[in-house]
Amino acid sequence: MTEQGETGEIITILLVEDDAPTCWRLQDALVKAGYEVRSAGTLGEARSALAAGAPRVLLTDLRLPDGHGIELIRETRQRFPDTEIMVISALGDEESVISAITVGATGYLLKDAFPTDIATTVRDLVAGHSPISASIARFIVRRTQGAAQSSAEPPPGPALNTARLTPREIDILWGIAKGFSYAEIASHLGLSKQTVPGHIKNIYRKLEVHTRSEAVFEAVQQGLIKL
């Protein structure tokens, strides 16, 4: 059985990880789940793999023997805008996180909080979700709050439109900002797990964003949620 994208094609993954045991473990799990996986251990190998064609998903570490994963993320986003990019790294400092998201990562998982089911995580990523460690979400919120507090006079902008989101959508957005999983949000709000992705899709559309981090940033900026 193979994992297929929305157009029916097999989902291809470029896995960039220089630690051989970690790379083997991830590749084995992804291949068994039906993904087509290419692996690279260096920035140079990753660039060569990208020259052969765009992967549907890029999973990359940040610390590579011959360069930084941020370079790879930026290059991939510029060349292949439809590729989903997720960082898998031990680096959890604010600079690394914000840099990766700013240049194009749509997910960020810390290795010490790595999910056991990587295949499901990739499936969520391809479905438009943004797998993200809870501590990473807190970084983003703190950065947003710090920017707001340091600005004595906010620049003029369009009037806030808090009516665009329903109360239920704002509840779900708050759960996203707190780093809760879809299952946890559903449990807290008394919803089915199948209902939450539909609400999140509407939130993304209304806020004109594509990722969890972008949704939280935009919601705080617009005053839709206060954390």
Side-chain angles (χ1 to χ4, degrees), residues 2-6 9-133 135-137 139-140 210-214:
T2 58
E3 280 288 345
Q4 298 178 330
E6 59 276 7
E9 79 282 13
I10 296 175
I11 294 176
T12 57
I13 299 173
L14 175 57
L15 172 62
V16 185
E17 170 62 66
D18 65 312
D19 181 68
T22 301
C23 186
W24 294 336
R25 177 170 60 85
L26 293 175
Q27 183 167 6
D28 182 63
L30 291 167
V31 169
K32 286 180 178 175
Y35 297 101
E36 182 178 305
V37 183
R38 291 176 288 165
S39 64
T42 66
L43 182 59
E45 291 176 0
R47 284 171 171 158
S48 296
L50 289 173
R56 184 68 180 87
V57 176
L58 169 67
L59 302 180
T60 184
D61 196 355
L62 291 183
R63 285 188 297 202
L64 300 172
D66 56 343
H68 201 289
I70 294 294
E71 299 175 51
L72 181 63
I73 295 170
R74 181 186 290 110
E75 293 170 11
T76 303
R77 176 58 66 223
Q78 291 174 347
R79 293 180 59 192
F80 309 116
D82 293 333
T83 294
E84 298 290 345
I85 304 173
M86 185 166 72
V87 174
I88 301 174
S89 178
L91 296 177
D93 62 283
E94 188 166 347
E95 181 180 356
S96 296
V97 172
I98 297 300
S99 296
I101 292 174
T102 300
V103 300
T106 47
Y108 199 115
L109 295 177
L110 297 175
K111 286 183 176 176
D112 62 358
F114 198 72
T116 55
D117 192 348
I118 181 63
T120 298
T121 304
V122 170
R123 194 176 301 121
D124 289 343
L125 187 71
V126 173
H129 305 159
S130 292
I132 192 166
S133 295
S135 58
I136 302 303
F139 274 170
I140 296 169
H210 303 286
T211 69
R212 279 182 164 218
S213 55
E214 289 174 350

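Keep in mind that the numbers below use all heavy atoms, side chains included, and drop hydrogens, waters and symmetry copies.
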- prompt: Hey, is the main chain of Thr106 close enough, under 3.5 Å, to the side chain of Ser130 for a donor-acceptor pair?
  reply: yes
- prompt: Under 4.5 Å between any side-chain heavy atoms of Arg123 and Val126, yes or no?
  reply: no
- prompt: Can you check whether Glu36's main-chain N or O pairs, donor with acceptor, with Thr12's side chain at less than 3.5 Å?
  reply: no
message: Minimum heavy-atom separation for Ser89 and Val87, please, with both atom names.
response: CB-CG1, 3.6 Å
message: Using side-chain heavy atoms (C-beta onward) and a distance below 4.5 Å, is Leu26 in contact with Leu59?
response: no
- prompt: Which heavy atom of Ile118 sits nearest a heavy atom of Ala29, and at what distance?
  reply: CG2-CB, 3.7 Å
- line: Of all heavy-atom pairs linking Gly41 and Asp18, the shortest is O-CB, 3.2 Å
query: Who passes side-chain contact (heavy atoms from CB on, under 4.5 Å) against Arg79, sequence neighbours left out?
result: Leu50
- prompt: How far does CG of Leu64 sit from CG of Asp19, to the nearest 0.5 angstrom?
  reply: 11.5 Å
- line: Residues Pro55 and Ile13: closest non-hydrogen pair is CB-C, 4.4 Å
message: Tell me if a side-chain donor or acceptor on Asp61 pairs with a main-chain N or O of Glu17 at a distance below 3.5 Å.
response: no
task: Take Leu14 and Thr76 through the test side-chain contact (heavy atoms from CB on, under 4.5 Å) and record every step on the way to the result.
output: CA-CA 11 Å; Leu14 175 57; Thr76 303; over 6 Å; no
query: If only atom types and distance count, is the side chain of Arg77 paired as donor or acceptor with the main-chain N or O of Thr83 below 3.5 Å?
result: yes
task: Identify which one of Ile88, Leu15, Ile73 satisfies the side-chain contact (heavy atoms from CB on, under 4.5 Å) criterion when paired with Thr60.
output: Ile73
query: Is there a donor-acceptor pair under 3.5 Å between the side chain of Arg56 and the backbone N or O of Asp82?
result: yes
- prompt: Minimum heavy-atom separation for Gln27 to Ser39, with atom names?
  reply: OE1-OG, 3.4 Å
field: His68: partners by ring-ring contact (aromatic ring centres under 6.0 Å, His included), with sequence neighbours left out
entry: none
- request: Considering non-hydrogen atoms only, spot the tightest contact between Ala54 and Phe80 and give its length.
  value: CB-CD2, 3.2 Å
statement: Output for pair (Leu72 CG, Leu43 CG), nearest 0.5 Å, gives 6.0 Å
query: Considering only heavy atoms from C-beta outward, does the side chain of Tyr108 approach that of Leu62 to under 4.5 Å?
result: yes
message: Using a 3.5 Å distance criterion without hydrogens, assess whether the side chain of Tyr35 forms a donor-acceptor pair with backbone atoms of Ala119.
response: yes
task: Please round to the nearest 0.5 Å and tell me the distance separating atom CD1 of Ile11 and atom CD of Glu84.
output: 10.0 Å
Gap separating the CE atom of Met86 from the CG atom of Leu125, nearest 0.5 angstrom: 5.5 Å
